[in-house]
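We're numbering straight along the sequence, starting at 1.
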Amino acid sequence: MFEEKESMWKKKGFYVSVCTALVCLLAIGTTYYRMNNDPQDGGFMKAEVESSDAPEDSMQPVGNSKDQSIADKNKATIAPSIPSDTPQPKATKKPQKKNTANNEKTAAKSGRSRKAAAKDTTVASQKDEKHFAFNEEKGLSWPVKGKVLMKFSMTDAVYFKTLAQYRCNPALIIGGKVGQNVKTAAAGEVLSVSKNDETGKTVTMNIGNGYTLTYGQLKAVSVKEGDELKAGETIGKLAAPSTAYTEEGCNLYFKVEQNGTAVDPLLLLD
């Protein structure tokens, strides 16, 4: 009898242990299920790779479908796609009518200027040929009678006593007396009457064929710009020497130029 009771308790204890184990397993399973399917935790990655050869970009995490759709919508709104082959409008330059008109005016003005200069040159040439045709063979007459104090020299330096230095001399320095008359060496037109520190009162004349004559160290000048003079006419008198020629004494500064280049007057004086 005692053994039957002991056996019955053992069977009850076995069933209790089994039930307890089942309850524990059930609790553990429930907890695991909740942990794996809780929506607040964002879930776990459930997608499985069916084949080891599947491309990497096909493996994507499974997330909240609602959040994903919102993100896609924002992307579409912020950055709409623009086809790369869409033709872009080309910038076109407007014709510069104003500049073209200005250029045409400038060209026309320049053309008129050239024509005017050519006309002036022609008139001057005709005037020279008509009134002043300097004859090189006939040469020049001496504007004053006196001793040559300093010769023309544009290649070798000449010593200037007053300046105490060697320098080129583009003119002929002819000695004379204060008040001595100065006459024209050839017929021509008075281009200018001026004054400077080196040559004092100075008269420049055009005698034609590209030649000009300059008379310096004058006083009592009796001619003016534009006067047409014959050869041998008095244009003024010799003055006291300027500060550049005090040591040389009273003199006539006489320069001859051909087309703007100084030439030796002695080659033309008779």
Side-chain angles (χ1 to χ4, degrees), residues 109-146 148 150 152 154 169-245 250-270:
K109 186 176 180 180
S110 177
R112 288 195 297 269
S113 299
R114 287 194 295 269
K115 289 181 179 178
K119 184 178 179 181
D120 293 342
T121 303
T122 303
V123 171
S125 178
Q126 291 176 350
K127 187 174 182 180
D128 287 348
E129 291 176 359
K130 183 177 180 180
H131 299 285
F132 316 114
F134 173 62
N135 189 338
E136 294 180 353
E137 294 182 359
K138 183 178 180 181
L140 301 170
S141 59
W142 286 79
V144 292
K145 292 182 178 181
V148 175
M150 298 177 65
F152 169 91
M154 292 300 290
N169 183 24
L172 193 65
I173 309 301
I174 307 172
K177 297 180 180 180
V178 176
Q180 186 177 348
N181 287 336
V182 178
K183 300 181 179 181
T184 58
E189 178 185 5
V190 177
L191 296 178
S192 66
V193 178
S194 60
K195 185 177 182 179
N196 62 62
D197 295 336
E198 182 178 354
T199 60
K201 197 70 172 287
T202 305
V203 174
T204 303
M205 292 181 60
N206 169 36
I207 62 173
N209 293 340
Y211 283 90
T212 59
L213 304 179
T214 301
Y215 308 84
Q217 307 282 357
L218 303 178
K219 71 174 184 177
V221 174
S222 58
V223 297
K224 62 182 183 300
E225 182 180 341
D227 286 351
E228 295 183 6
L229 306 175
K230 297 178 180 180
E233 288 194 53
T234 301
I235 59 174
K237 300 180 182 295
L238 286 180
S242 67
T243 55
Y245 294 94
C250 178
N251 67 85
L252 173 68
Y253 177 94
F254 184 59
K255 182 169 70 171
V256 180
E257 291 180 293
Q258 182 181 22
N259 298 321
T261 302
V263 297
D264 189 353
L266 288 177
L267 299 176
L268 298 170
L269 288 168
D270 56 7

message: Could you work out, with salt bridge (charged side-chain N to carboxylate O under 4.0 Å, His left out) as the rule, every residue matching Lys230, not counting sequence neighbours?
response: none
Could you pull out every donor-acceptor pair under 3.5 Å between side chains of residues 212-221 and any protein atom, sequence neighbours left out?
residue	atom	partner	partner atom	Å
Tyr215	OH	Ala185	N	2.9
Gln217	OE1	Ser242	N	3.0
Gln217	NE2	Glu198	O	3.3
Gln217	NE2	Ser242	OG	3.1

Minimum heavy-atom separation for [X] and [Y], please, with both atom names.
| X | Y | value |
| --- | --- | --- |
| Ala239 | Cys250 | O-SG, 3.5 Å |
| Lys201 | Val193 | CE-CG1, 3.9 Å |
| Ser222 | Gly236 | OG-N, 4.3 Å |
| Thr234 | Lys183 | OG1-CG, 4.0 Å |

Report the distance from atom [atom1] of [X] to atom [atom2] of [Y], rounding to the nearest 0.5 Å.
| X | Y | atom1 | atom2 | value |
| --- | --- | --- | --- | --- |
| Asn251 | Met150 | CG | CE | 9.0 Å |
| Phe134 | Asn209 | CZ | CG | 8.0 Å |
| Leu252 | Tyr245 | CG | OH | 10.5 Å |

query: Which ring pair (Phe, Tyr, Trp, His ring centres under 6.0 Å) pairs, counting each pair once, include a residue from residues 175-195, with sequence neighbours left out?
result: none
Please tabulate, for side-chain N and O atoms in residues 171-181, each donor-acceptor pair with protein atoms closer than 3.5 Å (sequence neighbours left out).
residue	atom	partner	partner atom	Å
Gln180	OE1	Lys177	N	3.0
Gln180	NE2	Lys145	O	3.2
Asn181	OD1	Lys237	NZ	2.7

task: Using the test side chain to side chain donor-acceptor pair (under 3.5 Å), find all partners of Asn135 that sit at least two apart in sequence or belong to another chain.
output: none
Side chain proximity check, Val223 to Thr184, heavy atoms < 4.5 angstrom: no
What side-chain donor-acceptor pairs closer than 3.5 Å can you find for residues 253-270, not counting sequence neighbours?
residue	atom	partner	partner atom	Å
Gln258	OE1	Tyr211	OH	3.4
Gln258	NE2	Tyr211	OH	3.2
Asp264	OD1	Leu266	N	3.1

